[in-house]
Each structure stands twice: as C-alpha cells, then as structure tokens.
Protein chains: 2
Amino acid sequence: MNKKTTIYDIAEKLNITAATVSRALNNNPKISVATRKLVLDTAAEMNYEQNRLAKALKSGKSFNVGVIVPRINTNFFGSVIRGIEEELYPEGYHIIICQTHDEKELELGNINSLLNLQVDGILMSISNTKHDNNDLFKNVLKKNVPLIFFDRSKNIPGVSSVTIDDFKGAYEATQHLIDQGFKRIAHISNDQKLEIFKNRYAGYKQALLDNGLEFDESLVLESWSKVEQGKEVAKTFLDMKNPPDGIFSSSDFSALGAIQEIKERGLRIPEDIGVIGFSNEPFTKLMELTITTVDQSPIEMGKLAARVFLEEVNNSKRIRSERKVVLDPELIIRQSSLRNK
Amino acid sequence: MNKKTTIYDIAEKLNITAATVSRALNNNPKISVATRKLVLDTAAEMNYEQNRLAKALKSGKSFNVGVIVPRINTNFFGSVIRGIEEELYPEGYHIIICQTHDEKELELGNINSLLNLQVDGILMSISNTKHDNNDLFKNVLKKNVPLIFFDRSKNIPGVSSVTIDDFKGAYEATQHLIDQGFKRIAHISNDQKLEIFKNRYAGYKQALLDNGLEFDESLVLESWSKVEQGKEVAKTFLDMKNPPDGIFSSSDFSALGAIQEIKERGLRIPEDIGVIGFSNEPFTKLMELTITTVDQSPIEMGKLAARVFLEEVNNSKRIRSERKVVLDPELIIRQSSLRNK
DNA sequence: CATATTTTTGCAATCGATTACTTAATGTTA
DNA sequence: TAACATTAAGTAATCGATTGCAAAAATATG
C-alpha cells in the first residue's frame with residue numbers, strides 16, 4: 001500500500017541527507033537555491049506531507065489545544081467553540097473537543113487525556129459537579145500547560161478566565177422587569193455550586209433590594225436548564241397564594257417552560273406576567289412570542305479565551321500572569337417582558 | 001519549572017532501563033512482580049503521564065480522528081459530533097474538529113492539516129462547494145486513512161458513507177401534505193450541487209407525480225437555510241397569481257421564515273397553508289405553532305459513522321470495503337401541517 | 001596558485017516510547 | 001554439582017523531523 005512519504009524518502013531519492021531535506025523544506029538560509037528547489041519539487045512530486053507528530057515530539061509543541069465543555073450540542077457552547085476556532089486556526093492550532101456531560105469522572109479523564117496528548121493549552125468550562133479540591137487544575141499548571149476557564153469559572157491562582165458579568169446581567173434583567181411595573185418577581189435559579197448561577201441569583205436579589213422591593217426567598221427555586229423543569233417550577237409559583245407577576249430565569253429553557261405553563265393557564269404575557277430568560281438561545285428570537293433574554297456573546301467569549309491563551313503561550317514562560325476578562329452582558333428586550341410599548 | 005516526567009526519569013531514579021519501565025507500565029509479562037510494583041508506585045509518585053505523541057509516532061497510530069463539518073453551532077452538526085464522540089471515546093479515540101464554513105479553501109486546508117496530524121481517520125460532511133475533481137479525497141485514501149462521509153455525501157469508490165434517505169423523507173413529507181388535502185404544494189429547495197438537496201427535490205417531485213398532482217417547476221425555489229431567505233421565497237410564492245396552499249421546505253429555518261411571512265399576511269396555518277420543514281431543529285418543537293419536520297436522528301448518524309470507522313480501522317488493512325449506510329428519516333407530524341385532527 | 005573565508009552539506013544526537021534480540025541471573029533436573 | 005531451562009533485565013534500533021557541530025566544497029583574497 002501507498003505509505004506516507006518522509007523526508008528520508010526524499011533524501012534517498014536525491015542522494016542527500018534528511019537534514020538537507022529538512023532545511024530545504026523549512027526555508028533554512030544555509031542551503032543553496034538549487035538544492036532547495038530540487039527538494040521542493042521532489043517533495044511535491046512525491047506528495048510529501050509533514051508528520052506533525054514527529055515535529056511536535058521534537059519541538060515539544062503540538063499546536064493542539066484542548067477544549068472541554070459540558071456538552072457540545074447547544075448553541076451557546078457550539079458558538080464559543082466556533083469563536084475559539086476562528087481565533088486559533090489562523091495561528092496554526094487545532095482544537096480537540098471533549099465533553100464532560102457534567103460528570104466529574106469524565107472531566108477528570110478528559111483533562112488527563114489532553115495532557116497525555118501534549119496539548120499546548122486547555123480551555124474549559126467546568127462541569128457543575130462539586131470540586132472538593134483544586135489539585136486537578138493545579139496539576140495542569142504544574143505541567144506548564146496554560147489553563148483558561150470560560151463562562152463557568154473557578155477562582156484558582158494562575159488560571160485565567162473569560163466570563164460575563166452574570167451579576168450585572170441578572171441585575172439589569174430584574175431592573176427591567178421592575179421598570180415595566182412588575183412588582184413581585186420570582187427567580188428560577190440553578191445549581192448554586194456554580195459561580196454563574198450564584199452571581200445571577202445575587203444580581204436578582206440586589207436589584208430587588210435597590211428598588212425597595214421585598215426579597216422573598218420562597219420566590220426563588222432551583223431547576224435544571226430544561227423546558228420541562230421550568231414548567232414544573234412555574235406550576236409551583238402559580239399555585240402560590242400570592243403568585244409572582246414576573247419571572248427572571250437563569251436559563252432560556254426553563255423560561256420557555258414557564259411561559260408554556262403560564263399560557264396553558266390562560267394568563268397573558270407580558271400583560272399578566274413578564275418573563276426573562278438567560279443566554280439568548282436562538283429560539284428566544286424565533287418564537288411567536290419572542291423572549292427577552294440576556295446575551296452572553298458566546299463567539300466573542302470564545303475569541304477572547306483563545307486570545308488569552310495565545311498571550312500566555314507566546315509570552316515568556318517565566319511569567320505566569322493571570323487574566324480575568326469579564327464581558328458585559330447585553331439585555332435583549334423582546335415581547336415577553338415589554339409591557340409599556 | 002516542573003517538566004513532565006518521562007520513563008527515563010523513572011528509570012534513572014530506580015537505576016534500571018527505560019525498557020523495563022516501559023514494560024512495567026504496559027503490563028508486559030516479562031517482568032517480575034516486584035519491579036512492576038516498584039515502577040508503578042514510582043510512576044504514580046512522580047506524577048508520570050504517558051506522552052501519547054511519542055507513542056503515536058512509534059506505533060503509527062495517533063488515536064485521533066478528524067471530524068469536518070460545515071459549521072459546529074447548529075443543533076444538527078453538534079448532535080452528530082456528540083454521537084461520534086460517544087462511540088469513539090470509550091475506544092480511546094479523540095476527536096479533532098474542523099469547520100469548512102462551506103468554503104472550498106478551508107475544506108482543503110482542513111483535510112491536509114488532519115493528515116499532517118496523522119489522524120487515524122476522517123469523518124466529514126462535505127461543504128456545498130463544487131468539487132470539480134475527487135483528487136482531494138482520493139489522496140486521503142491513498143494514504144490509507146479511512147474516510148467516511150456523513151449526511152452530505154459524495155459517491156466515491158472506497159469511501160463509506162452514512163446518510164439518511166432524503167428522497168424518502170421528502171416523499172413522506174409531501175405525501176403527508178397531500179393526505180391532509182393540500183393540493184398545490186411548493187418546495188423550498190437548496191443548492192442542487194449537494195446530493196441531499198437533489199434527493200429531497202426528487203422525493204418531493206415523485207410524491208406529486210405518484211398522486212396524480214401537477215408538477216409545476218415555478219413552485220420550486222432555491223434558498224439558503226436561513227429564516228430571512230425563507231421569508232423572501234415565501235413572498236414570491238404568495239405573490240403568485242395562483243399561490244400554493246402547502247410548502248415543503250428542505251430546511252427548518254426557511255420553513256420558519258415562510259411561516260412568519262404567511263402569518264404576517266393574515267393567513268392561517270395549517271388551515272390555509274400547510275408547512276413542513278426538514279431537520280427537526282429544536283425550535284420546531286418549541287414554537288407555539290409547532291412545526292412538522294423530518295428527523296434525521298443526528299446522534300444515531302454520528303454513532304453509525306463512528307462504527308463504520310471502527311470497522312475499517314480494526315479490520316485487516318488489506319481489505320478496502322465500502323459501506324453505504326442509509327438511515328430512515330422520521331416524519332414528525334406537528335401542528336403546522338395537521339389539518340385533519 | 002596557495003591560503004583564508006564563506007557556503008553548503010553531512011553526521012549524529014535528540015524528543016519519548018516501544019520491542020526484537022541478547023545477556024545475565026535465577027531455577028530445575030539428573 | 002553440572003547442564004539446561006526459564007525468567008528478568010539490558011542493548012540498541014526505530015518512528016520522522018530538527019539542529020549544533022564538523023567536514024567538505026565553493027568562492028574570495030593576496
């Protein structure tokens with residue numbers, strides 16, 4: 001069978017050494033124009049392609065970057081990855097994608113696999129599992145592999161991160177509901193072990209307090225980012241003696257579930273109840289009743305994470321600097337909350 | 001700085017050879033129980049992790065697989081990739097993802113990059129650019145790298161593929177519209193250079209003919225898979241002297257665009273006009289007016305593509321067999337087409 | 001034309017892991 | 001205890017590309 005051509009094959013054919021071939025291919029100045037041309041022509045003719053594995057082994061740089069996300073088939077993570085790729089591809093990097101499915105074991109396995117693969121860096125959004133210790137991450141740093149968190153971050157010395165200001169996003173969303181005249185605003189929260197949801201909760205609460213509204217803990221319920229779950233939570237809210245007239249959800253999916261439940265009960269949105277989601281998933285704009293939400297500019301987030309990575313690998317290895325990039329969220333006001341036109 | 005530990009480091013520490021260390025780590029039987037334990041313990045203690053680059057170079061197998069898709073941030077491709085990963089990860093493979101953005105240059109570059117990276121196989125959905133010749137793909141085969149097409153395929157000897165029966169999906173969708181009493185059915189098509197769209201067109205046409213309905217070429221228009229484009233096309237349809245009363249779109253996105261335009265004109269769906277999309281994108285189920293569509297079981301498709309790949313790498317290299325797996329599409333009937341409850 | 005200088009090429013080690021082949025160290029048997 | 005078998009560990013080559021150093025060839029200089 002047709003094996004791959006190596007520089008040795010070219011060398012043999014031309015009766016020269018592999019070293020010369022290598023130099024010719026790498027535009028090394030210490031070589032005659034004639035030989036270079038000869039080598040280049042022969043290489044093309046023999047269909048030569050560099051073995052990047054060998055080069056990586058020799059140079060200690062694989063030009064591969066690992067990207068770890070909870071799951072790949074949501075618009076948000078898909079877009080972040082797209083952003084990362086757009087930034088890294090022109091620099092010659094390739095990305096290796098792993099999913100954790102929010103499982104600790106997989107997360108651990110993925111990180112180790114990526115290190116084995118000699119990736120030049122790891123960009124990740126941590127899973128929502130309890131991380132008892134940070135040894136796992138420190139281990140990455142010890143090996144001198146840049147580690148960058150995006151979206152779901154964790155405060156670890158030496159680890160850069162790119163996140164959005166979840167507090168601000170939540171605050172503005174809640175403030176908007178208040179401005180629209182909603183008085184009793186509930187919050188569909190999510191796993192408080194994750195910073196992002198903790199911050200959204202905090203932003204919501206602060207907005208209420210700053211506006212002199214009562215903060216009622218019974219109006220905050222946790223739910224997974226699922227339509228069905230949102231529906232369930234909405235049921236609980238609507239069955240209350242004193243039900244809310246506004247819902248700020250930490251997820252578009254649960255916001256949609258809530259909307260469905262509200263409509264099924266014959267209540268009108270936004271006239272009776274206002275609803276806001278989080279993430280700007282595509283469907284929020286496509287619905288008949290478009291949903292107000294908070295945009296996290298995922299592509300931009302991916303690009304920034306990639307740039308932080310590039311900074312870290314290109315800068316002198318001696319300096320371990322740490323960057324915390326925080327993106328501004330953007331409140332996208334749509335029909336589900338806009339009562340005063 | 002803390003460099004990565006190699007088998008030489010372990011060997012040196014224990015005053016033995018790297019060969020012994022390697023054997024101990026690989027459970028080679030030719031080694032004493034005592035030494036093995038010693039090596040294993042020391043390896044753990046020194047935080048040793050295998051350099052898969054070196055192993056790959058030596059063995060000629062990288063355990064990396066390249067996946068090329070037009071874009072990653074749509075539910076369909078994201079899900080296919082998820083399926084591929086689910087099947088390959090347990091076998092020890094990692095996935096390197098590339099996007100073509102439907103650009104020929106990028107597609108070419110991606111393939112070459114992946115070959116350079118010494119991937120063990122390439123799974124791809126070809127871009128909708130004109131492929132004048134198949135040299136590109138033949139080149140991959142020549143290098144003995146299994147190549148598998150999924151969804152967007154091309155008939156090339158030696159290349160396996162996993163697709164859905166687009167003809168059948170289109171046929172059933174059209175038949176369903178006919179069964180619901182729609183008489184004048186239009187088709188929003190797409191780039192006829194791609195097999196999938198050609199087949200959907202053909203399935204649509206055949207269903208009309210089989211039911212004794214007139215096939216009117218002016219009722220077929222091409223459009224990108226975009227909401228806006230679908231709207232434009234719908235305008236053309238609705239402005240006709242004799243407008244259609246049913247639309248079968250080759251894409252969910254253009255179907256949605258059409259729906260928006262239809263509604264804006266005060267027409268009712270499905271009473272006045274029935275609409276069917278293609279792909280079962282999540283939003284089709286989430287809308288207030290749920291959209292009838294054709295499911296392509298993307299996760300299953302990814303898994304099958306992965307299995308075909310595994311078959312090819314594991315089977316004796318001598319035999320180059322070629323598999324054409326065709327999945328059955330599933331018509332998901334929802335409100336946008338269901339007139340007779 | 002001889003020597004000095006510059007170019008061009010070759011030699012050999014290296015990156016880290018694996019493995020056929022040897023050698024050394026045990027164990028077994030008569 | 002000698003002769004042989006078995007087991008454990010070492011030697012060195014290999015995968016493909018790169019690169020410091022040395023050698024050879026080409027060119028310049030007096």
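For clarity, every value in this text was computed on a predicted model and none was experimentally measured. Below, all heavy atoms of this structure are taken into account, side chains as well, without hydrogens, waters or symmetry copies. In what follows, every chain begins at residue 1, and chains take the letters A, B, ... in the order their sequences are listed.
The side chain of A:Leu57 approaches C:dC15 more closely than any other nucleotide in the set C:dC15, D:dA9, D:dC21. Set against D:dG16, C:dG10, D:dA9, the side chain of B:Ile31 has D:dA9 as its closest nucleotide. Closest to the B:Thr17 side chain, of the nucleotides C:dT8, D:dT11, C:dC11, is D:dT11. Picking from D:dA17, C:dC11, C:dT19 the nucleotide with the shortest atom distance to the side chain of B:Ala19 gives C:dT19. In this structure, the nucleotide among C:dT9, D:dA17, C:dA17 sitting nearest to the side chain of A:Ala54 is D:dA17. With distances taken from any side-chain atom of A:Lys30 to the nucleotides C:dT8, D:dA17, D:dG10, the minimum falls on C:dT8. Among C:dG16, D:dA9, D:dT18, the nucleotide with an atom closest to any side-chain atom of A:Asn26 is D:dT18. Of the candidate nucleotides D:dC21, D:dA8, C:dA17, D:dA8 has the atom lying nearest to any side-chain atom of B:Ser32.
Note that CG of A:Leu38 and CD1 of A:Ile10 are 10.5 Å apart. Values are rounded to the nearest 0.5 Å.
The residue B:Ser22 sits close to a base: some heavy atom pair falls under 4.0 Å. A:Ser59 comes within contact range of no nucleotide atom at all, as no heavy-atom separation falls under 4.0 Å.
The CG atom of A:Asn28 sits 13 Å away from the P atom of C:dT7 (whole-angstrom rounding). One atom, CG of B:Asn27, and another, P of D:dA8, lie 14 Å apart when rounded to the nearest Å. Put simply, NZ on A:Lys55 is 8 Å from P on D:dT19, counting in whole angstrom units. For the pair B:Lys58 NZ and C:dT18 P, the computed distance is 9 Å after rounding to whole Å. As rounded to whole Å, 16 Å separates atom C1' of C:dT14 from atom CG of A:Leu53. Atom CD1 of A:Ile16 and atom P of D:dA25 are 16 Å apart (whole Å). In this structure, the CZ atom of B:Arg23 is 16 Å from the C1' atom of C:dG16, given to the nearest Å.
For A:Gln50 and D:dT18, the shortest distance from a side-chain N or O to OP1 or OP2 is below 4.0 Å.
Evaluation of atom-type donor-acceptor distances gives no pair under 3.5 Å for the side chain of B:Arg52 against the base of C:dG16.
Between A:Glu311 and A:Arg307 no salt bridge is recorded (no basic side-chain N to carboxylate O distance below 4.0 Å). Taking a cutoff of 4.0 Å between a charged side-chain nitrogen and a carboxylate oxygen, B:Asp102 and B:Arg152 qualify as a salt bridge. A:Lys13 has no carboxylate O lying under 4.0 Å from a charged side-chain N of A:Asp9, or vice versa, which leaves the two without a salt bridge.
Aromatic ring orientation, A:Phe309 versus A:Tyr93: perpendicular (interplanar angle above 60°, classes split at 30° and 60°).
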